[in-house]
There are 2 protein chains.
Amino acid sequence: MHAIAKGPVELNSDSIVDRVYEQLKAMAISYEFKPGERLNEGELAKRLGVSRTPLREALNRLNTEGFLRFTPGKGFFCRELDAHEIFDLYELRKSIEIASIRLAIKRARDEDIDALLAFLQATGPDPGERSSVELVELDETFHERLMGMSGNTEMLRVLRNVNARIRFVRWIDMDRINRSNTQAEHRAVVEGLKARDEERCVSVLEKHIDRRLDRITSAIKEGYAQIYMPAARAGAN
Amino acid sequence: MHAIAKGPVELNSDSIVDRVYEQLKAMAISYEFKPGERLNEGELAKRLGVSRTPLREALNRLNTEGFLRFTPGKGFFCRELDAHEIFDLYELRKSIEIASIRLAIKRARDEDIDALLAFLQATGPDPGERSSVELVELDETFHERLMGMSGNTEMLRVLRNVNARIRFVRWIDMDRINRSNTQAEHRAVVEGLKARDEERCVSVLEKHIDRRLDRITSAIKEGYAQIYMPAARAGAN
DNA sequence: GTGTTCGCCAATGCATGCAATCGCGAAGGG
DNA sequence: CCCTTCGCGATTGCATGCATTGGCGAACAC
């Protein structure tokens, strides 16, 4: 009936669980599920074209990663848009970024620093051509590469999780960000890193993150409207 | 038909998945599985008296939390005892502990600080009566309560995960720790917290954690022997 | 004798089925 | 009229079964 080996149909390298996981994560990140909404396993399984077994594995992963909430006997729920949680995540992010830049100053290789500068050069000059989704992606990539130079894999793992969980509010926030200013701050951090100037790095990075943090609360409030707007249901059937 | 409320039969409050998860986590923490060992789902399911479905859910949770590794098509494996990973986890822990003590200085209520002092008082005087497992547990509790006073739930979540993953090496390390010294440092931190003396707190805490970190590498090497000793297999059948 | 390939067994990947539980509405009592 | 209780439909919890894939050894070719 299915699974016809059509040959080059590029049987996706990933398992069904991985595919479902990515789909659900994308939905959770973009709040396609409304905050607090209960996720019906049967319905979801039908929509995604899989059985409940791999679906539940994916849901469980998202639960432990903080994208969903689970209540025994009741099921999975979209996480609430909790301003306090967002705030905590920002603080967490700030902590490990500050810590990792200190480590990076001691450990980063000059060639890697230069590569990051080149990355900034390549992605920076662009004016207002990019969508906020793309801008957030660029920003995340920068910060993750920066943290990568600390050599601490576990910090990077935490950062990636945090980034994914605050991505939604950053989409909203990014619209109002002065991109060239952001760029300048990023460059200042990397140049401070190259100069092994810890105080400069920390102070710039601290302000850089704080500036976002300061506006998060208001962004969340304003963002509520967008969350409840009809998420583009990919009606593929 | 059944479900006769036998009353004290203590129908475990948790689901099967939760129970299996806790059992497996305990095994993973104590390295009852040897590093790199492949976990046979069928065998494990039989040993634990459950089917593979809840078992796999539990295994997946442990995978995302870093206790196990998973390779598609091959299965779950016990994580390697990776010295670098332990080191990274310690650095991560140090970062968020330092950050959280700064926050706690601004936010902690005096009564909570006093409660933590009372906790130290209650658990401290004890001489060398406790096992290293108990000592680690006390130490973790202290640090988690300390971080709790930062009010940052997400940092606490990360700390808990880190603690569980480095617990094993701490069991080994704890044997050689000067308990009264540890106690004194803990008290110094809390008293600095009460005095809202940031510099004092940070410097004591930093040294407190660094002292462990410095010895971790050697502890790991010495610990290898213990890991490969026959883990008490609960041969319940 | 060494390297390669084929084939079988075991283990995983996923789907399905059934029992237990939860939620919600209707019916009955106060 | 409101609160409580019973019961049924919907949903989750878990077990089982089958298809698929990977591992490993034997046989064969070189």
Once you round it to whole Å, what is the distance between [atom2] of [N] and [atom1] of [X]?
{"X": "A:Glu41", "N": "C:dT21", "atom1": "CD", "atom2": "P", "result": "17 Å"}
{"X": "A:Asn63", "N": "D:dT12", "atom1": "CG", "atom2": "P", "result": "14 Å"}
{"X": "B:Glu57", "N": "C:dC14", "atom1": "CD", "atom2": "P", "result": "14 Å"}
{"X": "A:Asn60", "N": "D:dG13", "atom1": "CG", "atom2": "C1'", "result": "12 Å"}
{"X": "A:Lys46", "N": "C:dA15", "atom1": "NZ", "atom2": "P", "result": "15 Å"}
{"X": "B:Leu68", "N": "C:dT12", "atom1": "CG", "atom2": "C1'", "result": "16 Å"}
{"X": "A:Leu55", "N": "D:dT11", "atom1": "CG", "atom2": "P", "result": "14 Å"}
{"X": "A:Arg56", "N": "C:dG13", "atom1": "CZ", "atom2": "P", "result": "17 Å"}

[X] side chain, from C-beta outward: closest of [options]:
{"X": "B:Ile16", "options": "D:dC14, C:dT12, C:dG23", "result": "D:dC14"}
{"X": "B:Val17", "options": "D:dC14, D:dA15, C:dA15", "result": "D:dC14"}
{"X": "A:Asn40", "options": "C:dA11, C:dT16, D:dT11", "result": "D:dT11"}

Establish, with yes or no, whether the OP1 or OP2 oxygen of D:dA15 is under 4.0 angstrom from a side-chain nitrogen or oxygen of B:Arg52. no

Short side-chain N/O contact from A:Ser51 to OP1 or OP2 of C:dA15, under 4.0 Å: yes

Pick the closest DNA chain C nucleotide for A:Lys74 and for A:Pro54 by heavy atoms, then say which residue is nearer the 5' end. A:Pro54

Test log, rule salt bridge (Lys or Arg N to Asp or Glu O under 4.0 Å), inputs A:Glu154 and A:Arg157: CA-CA 5 Å; A:Glu154 296 299 329; A:Arg157 174 204 288 248; 3.3 Å; yes

Is [X] touching bases, backbone alone, or none of the nucleic acid, heavy atoms closer than 4.0 Å?
{"X": "B:Leu44", "result": "nothing"}
{"X": "B:Phe70", "result": "sugar-phosphate"}
{"X": "A:Leu39", "result": "sugar-phosphate"}

Look only at the side chain of B:Asn63 and the backbone of B:Phe76, and say whether a donor-acceptor pair between them is shorter than 3.5 Å. no

Using modelled atom types and a 3.5 Å cut-off, is there a donor and acceptor pairing between side-chain atoms of A:Arg69 and backbone atoms of A:Arg79? no

If I take atom OH from residue A:Tyr21 and atom CG from residue A:Leu62, how far apart are they, to the nearest 0.5 angstrom? 5.5 Å

So A:His143 and A:His186, would you call those rings parallel, tilted or perpendicular, with 30° and 60° as cut-offs? perpendicular

